[in-house]
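Down below is the structure, laid out as structure tokens.
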Protein chains: 2
Amino acid sequence: MTLRYLILGLLTERPMSGYDIRKSISGSMGLIANVSYGSLYPALHRLLEDGAVTVEVELQDGRPPRKVYSITDDGRQEFERWLRQPAGADQVRREFLLKLWLGKTLAPEELTNLVEHRRREVESNMARLNEMRNQVGDKAVTYTWVLDYFAEMYQAELRWLSSLKERLEER
Amino acid sequence: MTLRYLILGLLTERPMSGYDIRKSISGSMGLIANVSYGSLYPALHRLLEDGAVTVEVELQDGRPPRKVYSITDDGRQEFERWLRQPAGADQVRREFLLKLWLGKTLAPEELTNLVEHRRREVESNMARLNEMRNQVGDKAVTYTWVLDYFAEMYQAELRWLSSLKERLEER
DNA sequence: ATGGGCATGTAAATCGTTACATGATTCT
DNA sequence: AGAATCATGTAACGATTTACATGCCCAT
């Protein structure tokens, strides 16, 4: 259901095709959302049916036609209503934590592997985050705040991971 | 799919009924997982079909019979295999962040509301976490590690929230 | 008496991913 | 020559939530 509002939110900035939306999400918003066409296109059709968006087909030669969606007043209102409603609870699943939690039969070096693997992942996420920071461009302030959020989280996790590593080495 | 392994993991400790499993999860594991009966019972039936668990029915008077599930050797092996496989990517959705990200039309005080609301939630999560810490009992060490993880994360988020609040007050 | 705990389950609805289908153009 | 980009979509499958259905016991 949040995909609906994510789309509406993006369309408040400028009209876009499904393809554009996809690119936009996996680009700058890749950290908090990711979408496949299999969910995106049906969601757009649904929004159209509900009158929250309109389409205009742009014919191109040598390319499939682009269907450019624009948000309507109704859509804007729906989006603004959602924005002001209290946010739903987080839905988080970290398989890594589950394995750690249930991993009491793992040998110390297997635990170390698990932890090391995680560390590498967090570090690669952090690298990606820093790239984003270097190309902020004309994005809204709120964008930088969200980047800061992830920076804090990654740093905290790295701290935790290294203290965990120490405890594992002490045996 | 992780529900399958979560169940198996819990059953390595002791045989349990579906009801027990549910309680156990929403108790000590409430932070990383939550399960409804609508997914739990079918998952148990599936495990039984696959020979990963066995059942024994305990008749009780004045109560519905308990179906107590025990893990089989096959189930144990499957669980151990899963445990040693690299963990899948995190799946995280924080509606709060999405609203912040898209909230460029929100007035400063509306943003403040959003942030304050979030702070209260994080703090109540932290209180819940501290309760858990006080009743660790005979849980495995890995349990405390996971608790530490959440403590770090909550603290980091609170830091971020207060710096955000300051920036909002500066206008 | 009313709500919560005990205890099982099914059905419908929702949400999302993966894989498939198509096909031209441009970059390496 | 082959990969990536542009651009749309559907179908099958999988996971999960919510609501429904049932019914006794115990504490307030």
Could you state the CD-P distance from B:Glu95 to C:dC15, rounded to the nearest angstrom? 12 Å
A:Arg84 side chain vs A:Glu80 backbone, donor-acceptor pair below 3.5 Å: yes
Identify whether any heavy atom of B:Asp20 sits under 4.0 Å from a base atom; if not, whether one sits that close to sugar-phosphate; answer base, sugar-phosphate or nothing. nothing
Can you tell me if B:Ser39 touches the phosphate of D:dT17, counting only side-chain N or O atoms and a distance under 4.0 Å to OP1 or OP2? yes
In this structure, how many angstroms lie between the C1' atom of C:dT8 and the CE atom of B:Met16, rounded? 17 Å
Check the phosphate of C:dA7 against B:Gln60, side-chain N and O only, distance under 4.0 Å to OP1 or OP2. Yes or no? yes
Does a side-chain N or O of A:Arg93 approach OP1 or OP2 of D:dT16 to a distance below 4.0 Å, or not? yes
To the nearest Å, give me how far apart CG (A:Leu40) and P (D:dT8) are. 9 Å
Taking only N and O in the side chain of A:Ser17, is any of them less than 4.0 Å away from OP1 or OP2 of D:dA7? no
With a 4.0 Å limit, can you tell me whether A:Lys23 has a side-chain N or O closer than that to the phosphate oxygens OP1/OP2 of D:dA7? no
A correct 5'-to-3' footprint of nucleotides 19-26 of chain C, with B, S and - meaning base, sugar-phosphate only and no protein heavy atom under 4.0 Å, is ----BSS-
A:Glu56 has an atom CD; how far is it from atom P of D:dT8, in whole Å? 14 Å
Compare the minimum distances between each of D:dT17, C:dG9, C:dG5 and the side chain of B:Asn34, then state the nucleotide with the smallest one. D:dT17
Is B:Tyr19 close enough to C:dC6 that one of its side-chain N or O atoms is under 4.0 Å from OP1 or OP2 there? yes
